[in-house]
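Reviewing the structure listed below.
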Amino acid sequence: MSEIEETEELVFEKKIEKAKELLEKLSNPDITLSDSLDVYKNGIKELEEAQKLLDEAKLVFTQEEKTNKEEPF
């Protein structure tokens with residue numbers, strides 16, 4: 001695994017962890033409506049960024065797979 005891939009994996013994991021933390025905050029019965037909207041927006045942002053990282057990784061994997069199929073053994 002390259003250094004860039006390791007960095008992207010760590011960023012992805014941090015975004016998922018942040019989304020989990022935000023979900024826990026939303027589960028708090030004492031949270032205000034205003035705060036819950038802010039937490040929700042931040043959680044959606046983290047998940048969208050994590051999805052973007054997954055999509056980019058999928059694209060790289062697909063390109064490498066095509067390259068490997070084209071190369072003779």
Side-chain angles (χ1 to χ4, degrees):
M1 185 178 294
S2 74
E3 188 173 319
I4 292 172
E5 290 171 330
E6 288 178 13
T7 301
E8 288 177 349
E9 184 177 326
L10 289 174
V11 170
F12 174 79
E13 289 176 6
K14 285 182 182 179
K15 293 200 173 295
I16 296 298
E17 277 300 314
K18 180 69 174 174
K20 286 180 183 179
E21 290 172 14
L22 294 169
L23 179 60
E24 288 177 16
K25 286 183 181 181
L26 284 175
S27 299
N28 182 347
D30 296 328
I31 193 168
T32 65
L33 179 58
S34 176
D35 287 345
S36 66
L37 288 173
D38 289 339
V39 169
Y40 175 79
K41 287 178 187 177
N42 288 333
I44 292 298
K45 179 183 167 203
E46 293 295 332
L47 291 174
E48 286 173 348
E49 290 173 359
Q51 183 63 49
K52 182 179 176 187
L53 289 169
L54 279 177
D55 292 342
E56 290 171 1
K58 181 179 178 183
L59 179 62
V60 169
F61 177 76
T62 302
Q63 289 173 342
E64 287 180 9
E65 191 175 64
K66 285 181 183 179
T67 301
N68 290 336
K69 286 183 180 179
E70 293 173 359
E71 293 177 1
F73 291 99

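Just so it is clear, the structure is predicted and the values come from calculations on it, not from any experiment. For this chain, numbers begin at 1 and follow the sequence in order.
Residue Ser27 holds its OG atom at 11.0 Å from CG of Leu22, rounded to the nearest 0.5 Å. Distance CG/Asn28 to CG/Leu23: 12.0 Å, rounded to 0.5 Å. Rounded to the nearest 0.5 Å, atoms NZ (Lys25) and CG (Asn42) are 8.5 Å apart. Considering CG of Leu10 and CG of Leu53, their distance stands at 11.5 Å, rounded to 0.5 Å. The CG atom of Leu59 sits 10.0 Å away from atom CD of Glu64, with the distance rounded to the nearest 0.5 Å.
Across Leu47 and Ala19, no two heavy atoms sit closer than the pair CD2-CB, 3.7 Å. Shortest non-hydrogen contact noted between Phe12 and Leu54 is CE1-CG, 3.6 Å.
A salt bridge does not link Glu46 with Lys18: none of the charged nitrogens is closer than 4.0 Å to a carboxylate oxygen.
The backbone N or O of Ile31 lies less than 3.5 Å from no partner atom in the side chain of Asp35, so there is not a single donor-acceptor pair.
No hydrogens or angles considered: a donor-acceptor pair under 3.5 Å links the side chains of Asp55 and Gln51.
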Please step through side chain to side chain contact (heavy atoms under 4.5 Å, CB included) for the pair Lys45 and Glu49, ending with a clear verdict.
CA-CA 6 Å; Lys45 179 183 167 203; Glu49 290 173 359; 3.2 Å; yes
